[in-house]
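One structure below.
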Amino acid sequence: MKKYFLSIDQGTTSTRTVLYDSKFKYLDQKQIEITQFYPKSGYVEHDAEEIWDKTYKTLRQLLRKYDLKSNQIISIGITNQRETILGWDKSSGKPIGKAIVWQDRRTSKFCEILKEEGLEPEINEKTGLLLDPYFSASKLRWLKDKSKSIFKKSTTLFGTIDSFLLWKLTEGRVFATDITNAARTSLFNISNLKWDDDLKKIFGLEGIKLPDIKNNADDFGTTSLFGGEIKISGMAGDQQAALFGQACFDTGEVKSTYGTGCFLILNTGTKILRSNNKLLSTVGYKIGGDVTYALEGSIFVAGSLIQWLRDKMKFFLNAPETEKFAKSANKNSEVVIIPSFTGLGAPHWKPDLRGAINGLSLETSKEDIILAALEAICFQTKDLVTALKNDGAKIKSIKIDGGMATNNFFGQTLSDVLSMKVFKPRNIESTSLGAAYLAGIGSNYINLSELKDVWKVDKLFEPKKSYEKKYLKYLDSLESLS
Ligand code: ADP
């Protein structure tokens, strides 16, 4: 009898379930988009009931399509959008109001007040994070202020999307999260690996019951919703799942995911590496008694720059065409793009900066601008890698994934710009693969060292030419904007 893994990947724009065979080979997936609610400027909400319905549907569709019985599923892994928070009723399992999504900025004033009170250093020391509405704690405080009576009720549970999905899958038997999701709430102490009462107090959340914290490969209970029992034994936030799916198991290994934005994570080993460059210290993963820390930086605009060229500039119809156009650009083009459409993320943190194109001449073609767009994403990655190095990291190579990783011209340019080897794996869906790997370990099907041999490279890009001159031009342009 053939056996499989199911990986639930609950993202910001869609929910999907991916089917892997017992050797972690990608077989198929079912994906459904989820509704985005923008009730006010700066507000972003999700309907958690819709998220659950669609998650359940994708699971059921895959099982039905291949006529799979529950005893053919070795285990389920869950990965999810991080930081998004909600409350739900313990007995009915129904969400109370909408989930507040990680992008939501409604608590920026509250965070400013805490900053003025001088609380950021303590929060940073304990959590490795910055004081920002991005993380769950201030959003949870908002939920508390909005509905004090609900908050007091012992029948209400609060948690991130992972814990809600787990509650639903186990029909209310398990109220738990994993260590990487916990690490993004701002209520979790990354040194002693526990919920922190001082942090709860800072955010005005004393007495709140938070989910039990489990390892990433662990016993998360079972689901009986699909016939017999299926184990759930892997869980991680999306970026950490991608780190794991890229088999970045050694200190100094880096993965960079290029989707709408770009998320770069470095494995810093058993030690917390503190950043002087506004990168976030966080938990990479925990297996058994061993915790692996990570340093994370994100770029707001990556694939969305390509989308802008496609949808607003109408330069091409499909993102993959950028490869062909960039190859025929003028090799001496001086065009530089600063893609700060929505400000700049790490390590610059300039929320109010807006985008610019420099170095235009009458010779400039569409191709030159497309080339500059791909280069801009590489230059921003170099800024992050430089920040990591300045924080003491030793990085020799980088593993890429996400939609843009399919662009080989981009992979080569990245290698040139970073003067570093760039690896593209066979499966660029590292996030769902990471959750499947974790489910494999959690169900005692495979161990970490065996997994190293499972991960396979599709393409290796090695530096061929120097990009120093154009990178300096980019830095000059950036400086002139700020
Ligand atoms: P997300 O998970 O954030 O929705 P994906 O990982 O699916 O993103 O990647 C989609 C993004 O990658 C889009 O913004 C798209 O413009 C970009 N993209 C996809 N394929 C290519 C390509 N071949 N070259 C350049 N950009 C691409």
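Remember, it's 1-based here, ligands and their atoms both numbered in the order they're listed.
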Going by an N to O cut-off under 4.0 Å, is there a salt bridge joining D416 and K465?
-> no

Ring centres of F164 and W52 under 6.0 Å apart?
-> no

Measure T260 to ligand 1 on non-hydrogen atoms and call it side chain, backbone, both or neither using the 4.0 Å cut-off.
-> both

Numbering as shown, the atoms of ligand 1 that approach I306 to under 4.0 Å (heavy-atom distance) | 16 (O), 26 (N)

Salt bridge R106-D104, side-chain N to carboxylate O under 4.0 Å | yes

When you measure from the centre of the six-membered ring of Y471, is the NZ or CZ of K382 under 6.0 Å away and within 45° of the axis?
-> yes

Run down the list T322, I370, T431 and name the one with the heavy atom closest to atom 25 (C) of ligand 1.
-> T322

Residue and atom name of the nearest protein heavy atom (relative to atom 16 (O) of ligand 1), distance in Å to one decimal = G303 O, 3.2 Å

Would you say L374 has any N or O atom under 3.5 Å from an N or O of ligand 1, going by distance alone?
-> no

Atom 17 (C) of ligand 1 has as its nearest protein heavy atom M404 CG, 3.8 Å

Do R105 and D132 sit within salt-bridge range, that is, some charged N less than 4.0 Å from a carboxylate O?
-> yes

Is it the side chain, the backbone, both or neither of S304 that has a heavy atom closer than 4.0 Å to ligand 1?
-> backbone

From G402, S430, G261, A319 - option closest to atom 21 (C) of ligand 1 by heavy atom | A319

Please walk me through it: do F226 and Y56 pass ring pair (Phe, Tyr, Trp, His ring centres under 6.0 Å)?
-> CA-CA 10 Å; F226 308 94; Y56 175 76; 5.3 Å; yes

So the atoms of ligand 1 within less than 4.0 Å of a heavy atom of P320 turn out to be 22 (C), 23 (N)

Only residue of L166, T79, L59, N80 satisfying side-chain contact (heavy atoms from CB on, under 4.5 Å) with I8 is L59

Quick one: do E296 and R82 make a salt bridge, cutoff under 4.0 Å?
-> yes

Protein residue, atom and distance nearest to atom 8 (O) of ligand 1, heavy-atom basis = G259 CA, 3.3 Å

Can we say K168 and E49 salt-bridge, meaning some charged N sits less than 4.0 Å from an Asp/Glu carboxylate O?
-> yes

For atom 2 (O) of ligand 1, is some protein heavy-atom partner under 4.0 Å away?
-> no

For N407, the ligand 1 atoms whose distance to one of its heavy atoms is below 4.0 Å | 22 (C), 23 (N), 24 (N), 25 (C)

Residue and atom name of the nearest protein heavy atom (relative to atom 6 (O) of ligand 1), distance in Å to one decimal | G403 N, 2.8 Å

For Q307, atoms of ligand 1 separated by under 4.0 Å from a heavy atom = 14 (O), 16 (O)

